[in-house]
Amino acid sequence: MSIMNTKGIRRKKSSLSEVKVIVVGAPGVGKSALSVRFLTRRYIGEYDHQSETRYKHEVLVDNEPVLFEILDTCPKGAADFPSSETLHWADGVLLVYSITDRQSFSYVKKIGLSLSNCDRPLYLVANKNDMVHLRQISAEEGTILARDCDCCFSEVAAAEQVGPVATVFHDLCKAVLAARRKSKHSLLERMLGTRSSNIKLYARGKSDSALPKD
Ligand SMILES: Nc1nc2c(ncn2[C@@H]2O[C@H](COP(=O)(O)OP(=O)(O)OP(=O)(O)O)[C@@H](O)[C@H]2O)c(=O)[nH]1
């Protein structure tokens, strides 16, 4: 499915930021429910897809148009993790577990900790927050894992919420754009640093040559 929502958004093509997000989690945690909730505001209970799905969607984030590319992964089992190539494709990683499924928490823990030192923003989401009577993972455990992975954390229910689900995607997008600005800035600083040392060298040479020759 590819959804393009350009209605009402006026922009120059060059001003459009593209943000690639991968949605990762054990089978059945609600990755598709969250993605489709964000893309369409609707909740569809059952998704019958046997392979990963890509979506494209244009939205305003802080009044800036952003083209989201979302990769909804589809693991075959609890030991089927996305390849590092697939993870590297993304600018930001949404790690999803279900509060009713301890195994799904271990799944994202493994991926989250392995990615915590990379420069790619992560966001940890605990889904199925409407099923508190079946809760296996406390909110505190989620908070601790998010701290260990150096990322944001939210508990949501794709089945019941629209705004909080959109906020998760928007916040991850903002983190990606901030990381991009930071890396551009440090690149510029490195370039300017090199250039300013060149300027110093040039100035010395110039004043040397201005000295009267013997
Ligand atoms: N109660 C409840 N059920 C949910 C919620 N989100 C998803 N589900 C249900 O959980 C089941 C799995 O949802 P999916 O969105 O297909 O999960 P998935 O992670 O994409 O699954 P795979 O593609 O098989 O990996 C479906 O029956 C959904 O209706 C939620 O917030 N609350």
Side-chain angles (χ1 to χ4, degrees), residues 1 3 19 21-49 52-53 55 57 59-62 66 68 70-82 87 90-116 120-176:
M1 182 161 72
I3 300 168
V19 172
V21 169
I22 185 167
V23 186
V24 171
V29 293
K31 297 179 296 296
S32 304
L34 286 165
S35 305
V36 174
R37 189 55 122 172
F38 169 57
L39 296 163
T40 67
R41 300 172 65 88
R42 285 163 203 262
Y43 176 66
I44 301 166
E46 298 302 324
Y47 300 90
D48 187 21
H49 64 90
E52 61 187 33
T53 311
Y55 307 96
H57 183 52
V59 284
L60 289 176
V61 176
D62 284 349
V66 172
F68 265 98
I70 298 174
L71 179 59
D72 176 12
T73 58
C74 186
K76 301 285 175 276
D80 181 15
F81 295 97
L87 289 168
D91 301 311
V93 182
L94 202 63
L95 298 164
V96 185
Y97 68 91
S98 161
I99 66 157
T100 65
D101 178 358
R102 163 93 24 211
Q103 214 179 22
S104 75
F105 186 69
S106 308
Y107 186 98
V108 287
K109 187 172 186 176
K110 199 165 174 182
I111 301 178
L113 294 177
S114 75
L115 291 176
S116 60
R120 202 156 317 151
L122 311 176
Y123 198 119
L124 182 66
V125 184
N127 190 35
K128 306 198 186 182
N129 192 21
D130 54 312
M131 309 267 277
V132 278
H133 53 294
L134 295 176
R135 185 190 276 278
Q136 290 185 5
I137 324 294
S138 68
E140 197 191 359
E141 278 182 274
T143 307
I144 291 169
L145 178 57
R147 197 190 54 208
D148 292 346
C149 296
D150 194 21
C151 69
C152 292
F153 169 64
S154 283
E155 285 200 341
V156 299
E160 293 186 343
Q161 298 173 315
V162 179
V165 172
T167 301
V168 165
F169 282 89
H170 281 216
D171 285 353
L172 180 57
C173 173
K174 286 184 214 168
V176 165

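Distance check: F68 CZ to H170 NE2 gives 6.0 Å after rounding to the nearest 0.5 Å. Put simply, CG on L124 and CD1 on I144 are 12.0 Å apart, with the number rounded to the nearest 0.5 Å. Here the straight-line distance linking atom OG1 of T40 with atom OH of Y55 works out to 9.0 Å at 0.5 Å rounding. Rounding to the nearest 0.5 angstrom, the gap separating the CG atom in L39 from the OG atom in S32 is 10.5 Å. Taken to the nearest 0.5 Å, the OG atom of S98 stands 10.5 Å off from the NZ atom of K31.
Listed by first and then second residue, the salt bridge (Lys or Arg N to Asp or Glu O under 4.0 Å) pairs that reach into residues 147-165 are R135-E155, sequence neighbours excluded.
The aromatic rings of H57 and F38 lie perpendicular to each other, with more than 60° between the two planes, well past the 30° mark.
For the pair P82 and I111, the minimum side-chain heavy-atom distance is below 4.5 Å. The shortest distance between side-chain heavy atoms of V23 and S35 falls below 4.5 Å. The closest side-chain heavy-atom distance from Q136 to S104 is not below 4.5 Å. Between L95 and L145, every side-chain heavy-atom pair lies at or beyond the 4.5 Å cut-off.
Residues forming a ring pair (Phe, Tyr, Trp, His ring centres under 6.0 Å) with F105 (at least two apart in sequence, or on another chain): Y97.
Between V165 and A158 the shortest heavy-atom distance is CG2-CA, 4.2 Å. The shortest non-hydrogen separation linking Q161 to V156 is OE1-CA, 3.3 Å. In plain terms, the two heavy atoms of G142 and F153 that are nearest each other are CA-CZ, 3.6 Å. Closest of all the heavy-atom pairs between A26 and P75 is C-CG, 4.0 Å. Scanning both residues, A90 and V21, for their nearest heavy atoms gives CB-C, 4.4 Å. The minimum heavy-atom distance between R120 and D91, with the atom names listed, is CG-O, 3.0 Å.
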message: Walk me through whether C149 and L113 qualify under side chain to side chain contact (heavy atoms under 4.5 Å, CB included).
response: CA-CA 6 Å; C149 296; L113 294 177; 3.9 Å; yes
- request: Check the pair V108 / V29 against side chain to side chain contact (heavy atoms under 4.5 Å, CB included), numbers first and verdict last.
  value: CA-CA 11 Å; V108 287; V29 293; over 6 Å; no
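Checked against the 6.0 Å centroid threshold, F81 and Y107 count as a close aromatic pair.
More than 12 heavy atoms of other shown residues, nucleotides or ligands fall within 6.0 angstrom of atom CZ in R102. The environment of K174 atom NZ is dense: over 12 non-hydrogen atoms of other residues, nucleotides or ligands sit within 6.0 angstrom.
Among I70, I22, V168, the one residue that satisfies the side chain to side chain contact (heavy atoms under 4.5 Å, CB included) test with L94 is V168.
Not a single donor-acceptor pair under 3.5 Å links the side chain of R42 to the backbone N or O of V36. Side-chain N or O atoms of T100 include none that pairs as donor or acceptor with a backbone N or O of L134 at under 3.5 Å.
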